Amino acid sequence: MGIAIRKLDSTEPGFKKKLSAVLAFEASEDEAIDRAAAEILAAVKTRGDAAVLEYTQRFDRLPAQSVAALEIGQDELQQALAGLPVTRRAALQTAADRVRAYHERQKQECGSDGFLYTEADGTVLGQKVTPLDRVGIYVPGGKAAYPSSVLMNAIPAKVAGVKEVIMVVPTPDGVKNELVLAAAAIAGVDRVFTIGGAQAVGALAYGTDTIAQVDKIVGPGNAYVAAAKRRVFGTVGIDMIAGPSEILVICDGSTDPDWIAMDLFSQAEHDELAQSILLCPDAEYIAKVEASINRQLEDMPRKDVIRTSLTERGALVKVRDMDEACEIANLIAAEHLEISVQSPQQWADKIRHAGAMFLGRFSSESLGDYCAGPNHVLPTSRTARFSSPLGVYDFQKRSSVIQVSEGGAQTLGKVAAELAYGEGLQAHARSAEYRFK
């Protein structure tokens, strides 16, 4: 049974409207989910540990008598790491080392040391950069287990200098994923609690007797987690509200079509709402990719999910040329962008909006998900137009430094007083004038 994947041509009338229809995704804010999240958060805020325990017993069927009993100790994390098969442990360690090395370099390059400069009259101005004190990372549990997400969220926090990283991970029926626990050990997570859902977000945001309040919550979760993160933003920081995963492939027709078909599958297999799009100027090549999709699908364990994703939200798009492909790519602003061509840099130079760019035929998006080094927490749903991958900078904040000299108080004071009088704020003006000689 073939896939009825949508095919578009940029030269046809109404192309932009058709493309917009493909891209349209409204993160449905289900009122029932939002109400439930609000009730859970209110309960956790007022009743703390007791509420967290009740919801964990109800939703995850864990019979614990206290929240403290839901904490996984460092010994158990280390045992999980030691118990991994040798090859898997080595892969996890290599991925962690690469993610850490990339974010160490990012820290150096992103102005994490702050700066000071002195003006002629002795006034000193600058910026001080400090890490957040405590961060909470949410890791999905249940059917999905993502040790790679542990690395991507915890390691940049630690590189930034965050003193305490608290991880929450639901373990329905008490089933723990050893690879997730091992990843927490390698990433240097300080505390791990087997709680999830909106109640875990509430515990991190408001603090309880057992779980300390954090400054920021990062990491993906289900609709209840997303609704809770929206509601606690302002009390704490959050990373983003992520939508379904996306891949956009620009190809000149020189890459093996089987590779490109599998790259499209790599996002489509996430869930039915994931999006996979190919842009290519070669109609014959697009036909080869489509044939490959239909040929390879039956061998995929998640073929039903892939079929639904590609049918509902996928597209094979014929463009006039590579320049137009780049224009359309900037419009789409995809989470993952593969530029699968012979000379990728010249086209990469034309890209303004993308969460992560994978350049050249050998740069499959899957390498970025696990071990290339750059962060895999990326902006979705066209938010790459104005936001960035998760990074060291997300776990730091900046304070302005202003040390005005006596001479500076004379010159700057006149400017400030004049503007303050213009705004009708006399106390502001006089505060500056009191410093005059």
Side-chain angles (χ1 to χ4, degrees), residues 27-73 132-146 149-150 153-154 157 162 164-177 180-181 184 189-243:
S28 56
E29 291 183 35
D30 187 301
E31 285 186 23
I33 289 176
D34 195 49
R35 276 198 306 274
E39 287 172 13
I40 292 169
L41 290 174
V44 172
K45 189 173 185 179
T46 54
R47 296 194 294 115
D49 278 351
V52 172
L53 198 59
E54 283 173 27
Y55 288 121
T56 302
Q57 289 168 344
R58 186 196 307 178
F59 298 135
D60 291 338
R61 302 166 296 281
L62 295 185
Q65 299 305 304
S66 69
V67 173
L70 295 171
E71 182 169 6
I72 296 177
L132 307 185
D133 287 339
R134 186 181 293 116
V135 165
I137 67 172
Y138 191 100
V139 178
K143 293 177 186 174
Y146 297 113
S149 287
V150 178
N153 284 279
V162 174
E164 187 174 22
V165 174
I166 300 176
M167 178 173 124
V168 293
V169 54
T171 56
D173 300 310
V175 178
K176 298 171 185 173
N177 183 284
V180 165
L181 302 188
V189 172
D190 297 285
R191 300 183 77 185
V192 178
F193 290 90
T194 57
I195 58 174
Q199 61 272 23
V201 174
L204 293 171
Y206 305 129
T208 72
D209 289 341
T210 306
I211 300 172
Q213 181 186 39
V214 302
D215 302 308
K216 191 167 193 172
I217 300 171
V218 300
N222 64 17
Y224 292 92
V225 172
K229 282 172 73 176
R230 276 193 194 93
R231 283 185 167 268
V232 300
F233 176 63
T235 300
V236 293
I238 62 171
D239 49 353
M240 62 183 78
I241 303 295

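None of these values were measured; they are calculated from a predicted model.
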Engineer: With sequence neighbours excluded, what pairs up with Tyr55 under the ring-ring contact (aromatic ring centres under 6.0 Å, His included) test?
Structural biologist: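 Partners of Tyr55 under the ring-ring contact (aromatic ring centres under 6.0 Å, His included) test: Phe59.
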Engineer: Donor-acceptor pair, distance only, cut-off 3.5 Å: does the side chain of Tyr138 make one with the backbone of Gly197?
Structural biologist: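 Indeed, once roles are kept as given, a pair shorter than 3.5 Å links the two residues.
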Engineer: Please list, chain by chain and in numerical order, all residues satisfying side-chain hydrogen bond (donor to acceptor under 3.5 Å, both in side chains) with Ser149, sequence neighbours excluded.
Structural biologist: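 In terms of side-chain hydrogen bond (donor to acceptor under 3.5 Å, both in side chains), with neighbours along the sequence ignored, Ser149 is linked to His376.
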Engineer: Ile241 and Ile238: which non-hydrogen atoms are nearest, and at how many Å?
Structural biologist: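 It is CD1-CD1, 3.9 Å.
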Engineer: Can you name the nearest heavy-atom pair linking Val139 to Pro170, along with the distance?
Structural biologist: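 Distance-wise, the nearest heavy atoms are O-CD, 3.3 Å.
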Engineer: Can you list everything that forms a side chain to side chain contact (heavy atoms under 4.5 Å, CB included) with Ala42? Sequence neighbours excluded, please.
Structural biologist: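 With sequence neighbours excluded, Ala42 shows a side chain to side chain contact (heavy atoms under 4.5 Å, CB included) to no residue whatsoever.
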Engineer: State the CZ-CD1 distance between Arg134 and Ile166, to the nearest 0.5 angstrom.
Structural biologist: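 Arg134 CZ to Ile166 CD1: 5.5 Å, rounded to 0.5 Å.
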Engineer: Tell me, please, which residues at least two apart from Lys216 pass salt bridge (charged side-chain N to carboxylate O under 4.0 Å, His left out).
Structural biologist: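 With sequence neighbours excluded, Lys216 shows a salt bridge (charged side-chain N to carboxylate O under 4.0 Å, His left out) to Asp394, given in chain and number order.
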Engineer: State whether the side chain of Asp215 and the backbone N or O of Val135 hold a donor-acceptor pair below 3.5 Å, judged by distance alone.
Structural biologist: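 No; judged by distance alone, with no hydrogens or angles, the pair does not exist.
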Engineer: Is there a side chain to side chain contact (heavy atoms under 4.5 Å, CB included) between Asp34 and Arg231? Walk through the geometry before answering.
Structural biologist: CA-CA 9 Å; Asp34 195 49; Arg231 283 185 167 268; 3.0 Å; yes
Engineer: At what distance, to the nearest 0.5 angstrom, does CG of Leu181 lie from CD1 of Ile72?
Structural biologist: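 CD1 of Ile72 is found 4.5 Å from CG of Leu181.
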Engineer: Specify the closest pair of heavy atoms between Asn153 and Pro220, including all atoms of both residues, with the distance to one decimal.
Structural biologist: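 Here Asn153 and Pro220 meet closest at ND2-CD, 4.4 Å.
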Engineer: What pairs with Ala50 under side chain to side chain contact (heavy atoms under 4.5 Å, CB included), at least two apart in sequence or on another chain?
Structural biologist: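 By the side chain to side chain contact (heavy atoms under 4.5 Å, CB included) rule, Ala50 matches Arg47.
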Engineer: Can you list everything that forms a side-chain hydrogen bond (donor to acceptor under 3.5 Å, both in side chains) with Arg58? Sequence neighbours excluded, please.
Structural biologist: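 side-chain hydrogen bond (donor to acceptor under 3.5 Å, both in side chains) check on Arg58 returns nothing, list empty.
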Engineer: Return the set of residues passing side chain to side chain contact (heavy atoms under 4.5 Å, CB included) with Asp190 (not counting sequence neighbours), or none when no residue passes.
Structural biologist: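 Only Lys158, Glu164, Val165 meet the side chain to side chain contact (heavy atoms under 4.5 Å, CB included) criterion with Asp190.
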Engineer: Sequence neighbours left out, what passes side chain to side chain contact (heavy atoms under 4.5 Å, CB included) with Ala184? Give chain and number order.
Structural biologist: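 Scan of Ala184 (side chain to side chain contact (heavy atoms under 4.5 Å, CB included), adjacent residues dropped) gives Leu77, Val150, Met167, Val189, Val192.
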Engineer: Please identify each residue that fulfils salt bridge (charged side-chain N to carboxylate O under 4.0 Å, His left out) with Asp239, with sequence neighbours left out.
Structural biologist: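 Asp239 satisfies salt bridge (charged side-chain N to carboxylate O under 4.0 Å, His left out) with Lys229 only.
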Engineer: Taking side-chain hydrogen bond (donor to acceptor under 3.5 Å, both in side chains) as the test, write out the residues that go with Arg61, two or more places apart.
Structural biologist: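 Here the qualifying residues are Asp173.
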Engineer: Quick one: side-chain hydrogen bond (donor to acceptor under 3.5 Å, both in side chains) pairs with a partner in residues 199-213, sequence neighbours left out?
Structural biologist: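 Qualifying pairs: Asp49-Thr208, Asp49-Thr210.
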Engineer: Could you pull out the closest heavy-atom pair between Ile217 and Val236, with the gap in Å?
Structural biologist: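 Residues Ile217 and Val236, closest heavy atoms: CD1-CG2, 3.9 Å.
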Engineer: Could you list all the salt bridge (Lys or Arg N to Asp or Glu O under 4.0 Å) pairs where at least one residue sits in residues 35-46, not counting sequence neighbours?
Structural biologist: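 Every salt bridge (Lys or Arg N to Asp or Glu O under 4.0 Å) pair that includes a residue of residues 35-46, provided the two are not neighbours, is Glu31-Arg35.
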Engineer: Shortest non-hydrogen contact from Ala43 to Ala51?
Structural biologist: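 So the two residues come closest at O-CB, 3.5 Å.
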Engineer: Which atom names give the shortest non-hydrogen contact between Ala198 and Leu41, and what distance separates them?
Structural biologist: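 Looking at all heavy atoms of both residues, the shortest contact is O-CD2, 3.6 Å.
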Engineer: Between Leu204, Leu70, Val44, which is the residue that forms a side-chain contact (heavy atoms from CB on, under 4.5 Å) with Ile211?
Structural biologist: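 Considering Leu204, Leu70, Val44, a side-chain contact (heavy atoms from CB on, under 4.5 Å) with Ile211 is found only for Leu204.
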